[in-house]
Amino acid sequence: MIQTDYRRPLNQWSQYVPRELTEEDKGDVMESDRMGRFVKDVTPAMEAALQQNEIINVFRNDWEQLNPGKSMMSERQETYLKEYQSFQDLHYSKDKQIICEDWHATIPGLVGVSCVEQMSYDVRLRNMSRIMMVPSLVLMWNYQDPIHPRLLLESPDDCFVFRFNPVNPNIVAGGCISGRIVIWDLTQYYGRLAMTESSIQMKKLSFLSSLVEDNEGKIPVVQPVASTHIDFGHSSCVTDLQWLLPPYVVDRQGRVTEDSVKPEEEECHQIISCAGDDHFLVWDITPQKPRRGAAPEAESHDKDRWQLLNHNWRPVIRIFLPSRAAGIPYSICQFRLKNAKKDSKGGGEVEESGEKTKTTAPEMADDVTKSPVSIYAGTQAGDVLFTDLRVRRDSDTNRTVLCELHEQQVHAAPIRSICISPFFDDMVLTVGGFRFAVWKVGIKWEPLMVSAEAPARRTSGAWSLSRPSMFFIGRQDGSVEVWDMLDRAQEPLLSQNLSGVEVTSLNIKKLGRRQVLSVSDNSGNLHLLEIPLVLSQLDGDEQQMLENLFKRETTRQEIQAKKRAERQAAEEKTGEAPPPESAEPPEKSQDHPGGSAAGLVQMAQDDFDGQSVYDGYLETEGRLVNQLAGAKDTGTNESGV
């Protein structure tokens with residue numbers, strides 16, 4: 001071993017101050033011919049780059065322009081719904097059922113949920129004394145605070161449905177299990193609901209002061225400003241209610257009219273509610289004139305509008321459904337309203353001196369003009385009803401009833417959800433039982449699409465806000481299905497399990513740049529799921545492709561209906577008994593064939609005819625066997641054997 005010194009290379013000097021030219025050197029460089037030639041050479045390229053920045057959006061998302069579409073569906077991490085936020089209150093919503101949810105129109109991320117006890121009617125009667133002592137609340141959540149609700153809306157009874165006013169979201173209408181309608185006014189709580197910067201800073205610094213914690217811990221409880229009397233409401237639980245969008249209103253004769261106010265002054269002040277008592281109630285939240293003999297305080301103009309309304313609130317009109325031949329009630333459980341688009345050529349609106357004049361819908365059924373307000377409803381028996389707000393006076397009962405009602409049945413269980421497509425006004429999604437169906441309003445033969453039976457009941461549905469052919473379905477086993485009608489119709493595009501409890505409602509909302517799917521379940525939880533880009537990005541000309549699909553399906557149904565009518569006419573002409581099916585298919589459940597009386601009779605007749613044919617076949621076969629046996633015996637005797 002040789003002992004030598006190894007000298008490894010090291011940095012002996014370190015430069016930490018940049019070298020700069022003097023002012024004289026900088027001036028010489030800038031005035032040199034070399035710098036002039038350089039600037040002259042790069043000037044065209046710089047001008048072109050600046051022009052491109054003005055013409056082309058350099059901040060665009062190039063990934064969206066690539067349009068990955070269905071090629072990305074193989075990547076699991078990019079297609080599954082990711083949980084963005086969840087809400088549950090240990091005191092007010094735990095172990096309760098979220099029966100309804102609705103989003104605020106102007107405050108981003110504000111959602112309300114209605115929590116009710118999970119009890120049947122008999123159990124509720126036995127525990128009525130305990131239920132009356134527990135307040136019924138509607139919780140207002142803001143996604144920035146998932147721990148504490150921002151407001152508590154107290155209801156006199158369990159609130160099974162509520163809706164924000166679409167024009168003035170500070171007004172909330174709710175329907176109770178007792179049949180009453182209640183109104184809340186949230187105007188003075190707008191700052192707390194919106195969670196301004198001051199409230200957020202106080203919450204961040206709440207650990208520094210116990211006083212701040214005490215103030216934040218007190219959740220305001222809002223009492224109803226108006227409620228209906230139990231004698232003037234529904235006789236059963238309010239199952240659904242909707243605000244009638246302006247400019248249309250319903251008068252006391254049931255006619256649909258247009259307000260004469262200016263468009264910027266339009267208000268949404270009428271509510272339509274339904275229950276299991278087979279009629280709609282129209283409510284107006286504007287104070288009505290007090291009747292003669294009313295109390296002096298009710299006639300005072302200094303009283304608040306809600307106090308005047310609370311004293312005199314009665315329905316504007318009761319609109320009954322046409323009675324069935326068998327006398328079976330409809331028992332509506334869900335409905336949606338759709339306003340018709342104004343026709344500039346037709347007589348929908350007449351302008352004189354810059355003001356709108358009132359136009360009325362037809363009063364009698366003989367008038368072929370339809371009402372501008374359409375109703376799509378679902379019943380407890382699984383029927384889907386299509387009608388509009390045209391009414392007539394029934395001569396037998398002296399009631400105001402709807403003029404025309406189209407009834408179809410595909411579901412074998414109550415309709416749990418009705419959704420109108422945001423892209424097509426005449427396309428409706430209904431969910432009930434183990435199936436869902438997609439309808440096109442105006443086609444009276446059958447729906448455009450009917451799903452197969454699922455392993456668990458389907459309980460809710462919602463259309464996508466950005467893709468016309470996509471919708472989401474919730475199931476009883478806690479799963480959420482994603483369907484794309486252009487991709488596949490026999491199975492969902494995606495099925496994801498969230499929890500082991502029933503999904504009660506689905507809603508889609510945009511929060512900034514992301515789309516969020518809100519999922520309510522049967523245990524009091526509200527989940528916000530972020531929809532991935534693949535499921536929210538529009539894939540080509542999807543809307544036109546869906547329109548072409550609807551046209552082909554409509555043509556196919558028309559041809560089938562025409563053939564059925566021709567076959568029936570030919571059989572009637574030849575004198576044979578016509579088949580039970582007509583141009584319109586019988587209204588019976590497809591989940592359980594023969595669900596109706598006519599279906600059971602037809603099944604029994606088919607079985608009898610089949611048995612008769614089979615008995616005739618056995619008789620003919622026996623004769624042939626006997627003839628063959630007799631011929632064989634005769635041949636044997638002649639041969640002498």
Side-chain angles (χ1 to χ4, degrees), residues 324-328 379 381-384 406-414 430 432-440 443-458 488-491 549 552-641:
R324 291 179 172 178
I328 303 175
T379 67
D383 301 325
V384 182
H406 299 285
E407 179 181 351
Q408 296 288 341
Q409 185 174 15
V410 169
H411 308 278
T430 59
F434 295 89
R435 293 183 171 185
F436 68 84
V438 178
W439 306 80
K440 186 173 178 61
I443 300 179
K444 60 181 180 179
W445 299 287
E446 59 183 11
L448 295 177
M449 176 182 177
V450 181
S451 69
E453 294 186 2
R457 291 182 179 271
R458 293 186 166 104
R488 62 194 74 169
Q490 74 280 3
E491 61 179 359
L549 175 63
R552 293 194 300 268
E553 187 66 19
T554 303
T555 304
R556 181 188 66 83
Q557 294 185 9
E558 291 177 352
I559 294 174
Q560 288 184 351
K562 186 178 180 180
K563 289 182 178 180
R564 285 195 297 265
E566 292 176 353
R567 190 184 306 113
Q568 181 183 7
E571 292 177 351
E572 290 178 353
K573 187 176 181 180
T574 56
E576 298 179 359
E581 79 168 357
S582 58
E584 296 184 9
E587 298 173 359
K588 64 179 181 178
S589 169
Q590 296 185 10
D591 291 341
H592 305 281
S596 61
L600 295 175
V601 172
Q602 180 62 25
M603 290 178 60
Q605 183 66 30
D606 294 343
D607 294 342
F608 178 77
D609 295 342
Q611 186 66 31
S612 301
V613 172
Y614 183 67
D615 293 341
Y617 167 75
L618 293 179
E619 183 179 355
T620 304
E621 184 183 22
R623 287 201 307 268
L624 291 175
V625 171
N626 293 335
Q627 291 177 3
L628 291 175
K632 184 176 181 180
D633 294 341
T634 303
T636 304
N637 294 333
E638 291 178 355
S639 61
V641 178

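All values below were derived from every heavy atom in this structure, side-chain atoms included, with hydrogens, water molecules and symmetry-related copies excluded. For clarity, every value in this text was computed on a predicted model and none was experimentally measured.
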Next on the checklist: Please enumerate all residues that pass salt bridge (Lys or Arg N to Asp or Glu O under 4.0 Å) together with Glu491, with sequence neighbours excluded.
Outcome noted: Arg488
Checklist entry - Taking only residues two or more places apart in sequence, or in another chain, which ones meet Thr430 in a side chain to side chain donor-acceptor pair (under 3.5 Å)? => result His411, Trp439
Item to check | Presence of salt bridge, Arg623 and Glu619, under 4.0 angstrom | outcome: yes
Checklist entry - Are Glu553 and Arg556 close enough for a salt bridge, meaning some N to O gap below 4.0 Å? => result yes
Item to check | Separation of Thr554 OG1 from Ile559 CD1 (nearest 0.5 Å) | outcome: 11.0 Å
Item to check | Gln557 (side chain) donor-acceptor with Pro447 (main chain) under 3.5 angstrom | outcome: yes
Checklist entry - When Arg564 is tested against each of Gln560, Glu566, Gln568 for side-chain contact (heavy atoms from CB on, under 4.5 Å), which residue passes? => result Gln560
Item to check | Non-hydrogen atoms of Ala452 and Arg458 that approach each other most closely | outcome: O-NH1, 3.1 Å
